[in-house]
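What follows is a single structure, written as C-alpha cells, with notes after it.
Residue numbering restarts at 1 for every chain, and letters A, B, ... go by the order of the sequence lines.
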2 protein chains.
Amino acid sequence: MATLKEVAKKAGVSITTVSRVINGSSKVNGETRERVQKAMIQLDYQPNRVAQRLRASSGQSKLLGLIIPDIQNQFYSNIVRGIEDVTYGHDYAVILCNSDENPNKERFYLEVLKSESVDGIILPPIHQFGEEIESIIELGIPIVCVDRKLMRKKVDTVVIGNEKGGYDAVSHLIEQGHKKIAILTSSLQFSSFDERQKGYERALKENGIEIDKRLIKEGDPRSSETARELTDELLSLDSPPSAIFATNNLMTLGVLESVNKHGMQIPDDISIVGFDDLPWAKAISPPLTTIKQPAYEMGQKAAELFFQRVENPSREPEVVIMEPKLIVRESTAKLVNAQVKDTE
Amino acid sequence: MATLKEVAKKAGVSITTVSRVINGSSKVNGETRERVQKAMIQLDYQPNRVAQRLRASSGQSKLLGLIIPDIQNQFYSNIVRGIEDVTYGHDYAVILCNSDENPNKERFYLEVLKSESVDGIILPPIHQFGEEIESIIELGIPIVCVDRKLMRKKVDTVVIGNEKGGYDAVSHLIEQGHKKIAILTSSLQFSSFDERQKGYERALKENGIEIDKRLIKEGDPRSSETARELTDELLSLDSPPSAIFATNNLMTLGVLESVNKHGMQIPDDISIVGFDDLPWAKAISPPLTTIKQPAYEMGQKAAELFFQRVENPSREPEVVIMEPKLIVRESTAKLVNAQVKDTE
DNA sequence: GTGAAAGCGCTAACAG
DNA sequence: CTGTTAGCGCTTTCAC
C-alpha cells in the first residue's frame with residue numbers, strides 16, 4: 001500500500017503538498033497538482049484512514065459506532081441498514097456491536113468505541129439511566145439514541161410513539177368486538193415496552209373494559225420461546241382471551257406457534273396483532289395485522305441527527321418521534337358471519 | 001482520555017515501562033508494576049486502539065472487516081452474529097459493510113477496509129472470479145469466504161453442500177409423490193444458487209422425471225416481490241406444479257404470498273419447501289418444510305478460520321463444507337387418502 | 001506556492 | 001529491569 005511519502009517522491013514534491021492535493025485545502029499550483037494526481041493514480045494511492053484518525057481531532061475520524069441488542073432481531077437489522085445507507089454517502093465506516101441487553105457488554109463496547117476514536121455512537125440504551133453513556137456524552141462524543149430514550153440527559157433521539165402504537169393495536173381489537181384482550185410484553189424495563197403497555201391500558205380504560213392482570217404476561221422480548229409458553233398459559237385459562245397483542249416481532253412468533261399448536265384458527269378462534277411489520281407478516285396465512293415501525297427510516301434519521309451534530313456540535317439535542325402505523329390484515333378480521341374466508 | 005504519557009508521569013516511570021505493563025511483555029519489577037497499574041486505574045486508562053493499529057504490523061490491528069450483501073437478509077445477519085460472537089472473545093472490533101450485490105460497492109468497501117488496516121475480511125464474494133479480492137489476497141490480507149466460493153484462488157472458505165441441499169429438498173418432494181416440481185432460483189450467477197439448482201436437476205433425473213424448463217424460474221434472490229410474480233406465473237400455467245422449491249428465504253416469502261393470494265391450501269393444493277430455516281418457518285401455519293443452513297455456525301467457523309490464519313499465516317487454506325439439513329414440516333405433508341392432484 | 005518539522009499515541013529495538 | 005529513541009502515516013502550523 002502506497003503512502004504519502006512514496007507519492008511525494010514519485011511526484012518530486014514534499015508530502016505536505018501531496019496532503020494538500022488530497023484535502024484540496026490551500027492552493028496548489030495547477031501543474032504540481034496534476035503531477036501529484038498522476039503519481040497517486042500510478043501508485044494506486046489510498047490514504048490510510050488509521051493515520052488520519054490518529055491525527056484528526058474528534059468529528060473527523062470517519063468512524064461511527066453502533067451498539068444494538070442483537071443483529072439477529074430483524075427490527076434492529078433494519079435500523080442498522082438505515083444507518084449504514086446514510087453513512088455510506090458520508091464515507092464513514094461503521095463498527096457493529098451486539099450487547100444482548102447485557103449492561104456489561106454495553107459497557108465493554110462503549111470502551112472499545114471510545115478507544116477506537118469513533119466520531120459518535122448510535123444505540124438503543126439498555127438502561128434509561130445509563131451512567132456510562134452519560135459520561136460519554138460529557139466527554140463530548142455525540143450519542144444518538146434510537147428506539148429507546150435516555151431519561152436524565154438531553155440527547156438526540158429517534159423513537160416511535162410507542163404508547164400510541166399500543167393504543168392503536170388494542171383499540172382496533174376492541175372495534176372488532178373483542179373484550180378479553182391479552183398482552184405479551186417485556187419483563188425488562190425498556191421505555192418502549194412500558195409505553196406500549198400504557199397504550200394497551202388506556203385503550204381498555206377508555207372503552208370501559210377492566211384490566212385483568214391475568215391477561216398481562218411479561219417475558220423476555222428476545223425469546224419467542226417464552227412467548228410461546230406464556231401463550232400456552234393464556235390459552236389454558238378458564239376464560240381465555242379472544243385476542244392477543246404481542247409487543248414485538250419475536251414474541252409474535254411465539255404466539256403464532258402456540259396458537260397453531262393448539263389447532264386454533266386465526267381469526268376465527270383468536271385474533272392476533274403483532275408489533276413490527278416484517279416481511280413474513282404479510283406472507284403468512286392469514287396475513288398478520290401489525291403495528292408497523294419504520295425501522296429503516298428510524299436508522300436513517302438517527303444517522304442524519306448524528307451528522308448534523310458533527311457539523312454543529314452546539315446544536316440543541318432533538319427528539320424525533322416517528323409514527324407507528326396500524327396495518328390491518330386478516331388476522332384480526334371481524335367475524336361478521338360464521339366464516340370469513342380469505343380471498344383476494 | 002488518558003494517554004500512556006500521563007500514566008507514565010503519574011507513576012513516575014517512562015512510557016515504555018507502562019507499555020510493558022500493559023502488554024505484559026518483558027519483565028517489570030513487581031513494585032513498579034503495581035505503581036503503574038494503580039496509575040492506570042486512577043486515570044481510567046484505556047489504550048488507544050487507533051494508535052496501536054497504526055503502529056502494529058498486520059495481524060495485530062484487532063479489527064475485522066465484513067462485507068455482506070444485505071444485513072436485512074436474516075440469513076446474513078445470522079452469519080454476522082456468529083462471527084461477532086467469536087471476535088468478541090478475541091477483543092476484536094468488526095466493521096460492517098453492505099454490498100447489495102453491487103460490485104462497485106464491494107470494491108469501494110474493500111478499499112475502505114484496506115485503508116482501515118483490518119486484519120482480515122470475511123465475505124460472500126459477489127463474483128466467483130473477483131479480481132479485487134484476489135489482489136487483496138496477494139497483498140497478504142487474510143480473506144475468508146463464507147456462503148460462496150472463490151474459484152481461482154485457494155482461500156479459507158465456509159460453505160454448505162448446496163447441491164445436496166437442493167437434492168434433498170427435491171428428493172423429499174418426489175417421495176411425497178410429486179412429479180411436477182418447480183424451482184425458484186437466482187437469475188444472478190452465485191455458486192450457491194447454481195449448485196442448488198444442480199441438486200434439483202439431479203434429483204429429478206435420478207427419479208426419471210424429465211426437466212421441464214417452464215418450471216424453472218429465475219429471479220432476483222433479494223426480492224420476494226419477483227418471487228411472488230414468478231409464482232403467479234407458475235400457478236397460471238396450463239398444468240401448474242404441485243410443489244415449489246424456493247431456494248432462499250426471501251423467495252420463499254414471495255411464494256407463500258402468491259399461494260395464499262390464490263386461495264390455495266398448503267399442502268392440500270400445493271407443497272412448498274423453503275431454504276433457510278428462519279424463526280418464522282416453524283411459527284406459520286402450516287409449518288414450513290425447509291433446508292436449514294447453519295448460518296450462525298457458518299459465521300462462527302469463518303471467524304475461527306480467520307483467527308487460525310492470524311496465528312499461522314502460512315497454513316494451507318481450508319474449505320469447510322457444512323451440512324444443510326432437511327427439516328420436514330407440514331407444508332410438504334403427504335396427502336395419503338386425498339387426491340394427489342398431481343397430473344398423472 | 002511549497003517545504004521542514006512537530007506530533008497524534010503507541011510499540012519495539014537498542015542501550016544501559 | 002528500565003529508559004531513550006525512532007518511527008507507523010498523516011495533518012498542520014510556521015517559515016521561506
Side-chain angles (χ1 to χ4, degrees), chain A residues 1-37 39-40 43-63 91 111-119, chain B residues 1-37 39-40 43-63 91 111-119:
Chain A
M1 298 222 36
T3 68
L4 261 196
K5 211 166 151 184
E6 301 174 58
V7 176
K9 192 177 163 194
K10 186 163 201 102
V13 295
S14 75
I15 59 169
T16 314
T17 303
V18 180
S19 176
R20 286 201 182 101
V21 172
I22 292 167
N23 299 304
S25 53
S26 51
K27 292 139 225 309
V28 179
N29 185 325
E31 202 193 328
T32 321
R33 156 172 288 114
E34 273 183 28
R35 209 147 27 108
V36 170
Q37 282 170 335
M40 296 202 314
L43 293 172
D44 189 27
Y45 173 76
Q46 294 291 134
N48 181 321
R49 288 182 155 240
V50 181
Q52 287 182 319
R53 186 168 305 137
L54 181 61
R55 192 65 178 63
S57 50
S58 69
Q60 322 229 64
S61 84
K62 305 254 184 200
L63 191 59
D91 195 30
E111 288 299 332
V112 169
L113 293 179
K114 251 169 41 181
S115 155
E116 289 283 2
S117 305
V118 294
D119 280 339
Chain B
M1 299 222 38
T3 67
L4 260 197
K5 211 166 153 187
E6 299 174 58
V7 176
K9 192 177 164 194
K10 186 160 201 104
V13 296
S14 75
I15 58 170
T16 315
T17 304
V18 181
S19 174
R20 287 198 182 100
V21 172
I22 293 166
N23 299 306
S25 53
S26 51
K27 292 139 225 312
V28 178
N29 184 325
E31 201 193 329
T32 321
R33 157 173 286 115
E34 273 183 30
R35 210 148 27 110
V36 171
Q37 283 170 334
M40 295 202 312
L43 294 172
D44 188 27
Y45 173 76
Q46 294 291 135
N48 181 321
R49 291 182 152 239
V50 181
Q52 288 182 319
R53 185 166 306 136
L54 181 61
R55 193 62 180 65
S57 49
S58 69
Q60 322 228 63
S61 85
K62 305 253 183 201
L63 192 59
D91 195 32
E111 288 298 331
V112 169
L113 293 179
K114 252 171 38 184
S115 155
E116 288 284 2
S117 306
V118 294
D119 279 340

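For T16(A) and dT11(D), a side-chain-to-base donor-acceptor distance below 3.5 Å is absent, hydrogens and geometry of angles not being considered. For S19(B) against dA12(C), no side-chain N or O and base N or O form a donor-acceptor pair under 3.5 Å. Donor-acceptor pairing under 3.5 Å, judged by distance alone, is present between the side chain of R20(A) and the base of dG3(C).
Atoms CD (Q60(A)) and C1' (dC10(D)) sit 13 Å apart, rounded to a whole Å. With rounding to whole Å, K5(B) atom NZ is found 8 Å from dG9(C) atom P. Distance N48(A) CG to dC8(C) C1': 13 Å, rounded to the nearest Å. Summarising the geometry, the separation between CZ on R53(A) and P on dT11(D) is reported as 12 Å, rounded to the nearest angstrom. Distance CD (E116(B)) to P (dG9(D)): 15 Å, rounded to an integer number of Å. What separates CD of E6(B) from P of dC8(C) is a distance of 11 Å, to the nearest Å. Rounded to whole Å, atom P of dC8(C) lies 23 Å from atom NZ of K62(A). The CD1-C1' distance, from I22(A) to dG9(D), rounds to 10 Å in whole Å.
Residue contacts for S57(A): at a heavy-atom cut-off of 4.0 Å it reaches no nucleic acid atom on any strand shown. Counting non-hydrogen atoms under 4.0 angstrom, V50(B) reaches nothing in the nucleic acid.
OP1 and OP2 of dG9(C) both lie 4.0 Å or more from every side-chain N or O belonging to T3(B).
Taking the side chain of Q52(B) as heavy atoms from C-beta on, and the options dT2(C), dT12(D), dC10(C), the nearest nucleotide is dC10(C). Considering only the side chain of V28(B), dT2(D) comes nearest among dC10(D), dT2(D), dG9(C). Side-chain atoms of L54(B) lie closest to dC8(D) of the nucleotides dG3(C), dT2(C), dC8(D). Nearest nucleotide to the side chain of N23(A), out of dT11(D), dT2(C), dC10(C): dT11(D). Closest to the side chain of A51(A), from the set dT11(C), dG3(D), dG9(D), is dG9(D). In the set dC10(D), dG9(C), dT2(C), dT2(C) carries the atom at the smallest distance from any side-chain atom of N29(A). Among the nucleotides dG3(C), dG9(C), dT12(D), the one closest to the side chain of R55(A) is dT12(D).
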Would E111(A) and K114(A) count as a salt bridge (charged side-chain N to carboxylate O under 4.0 Å, His left out) if you check the C-alpha gap in whole Å, the side-chain angles of each, and the deciding distance to 0.1 Å?
CA-CA 5 Å; E111(A) 288 299 332; K114(A) 251 169 41 181; 3.5 Å; yes
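Residue whose closest nucleotide on DNA chain D sits further toward the 5' end, between I15(B) and A56(B): I15(B).
Listed for the S115(A) side chain is a donor-acceptor partner under 3.5 Å among the backbone atoms of R49(B). Using a distance-only test at 3.5 Å, with no hydrogens or angles considered, no donor-acceptor pair links the side chain of E34(B) to the main chain of E31(B).
To the nearest 0.5 Å, atoms CZ (R33(A)) and CD1 (I22(A)) are separated by 11.5 Å.
Applying the side chain to side chain contact (heavy atoms under 4.5 Å, CB included) test between V36(B) and each of N29(B), V13(B), V28(B) identifies V13(B) as the sole match.
Scanning all heavy atoms of the two residues, the minimum distance from R35(B) to A11(B) falls at NH1-O, 2.9 Å.
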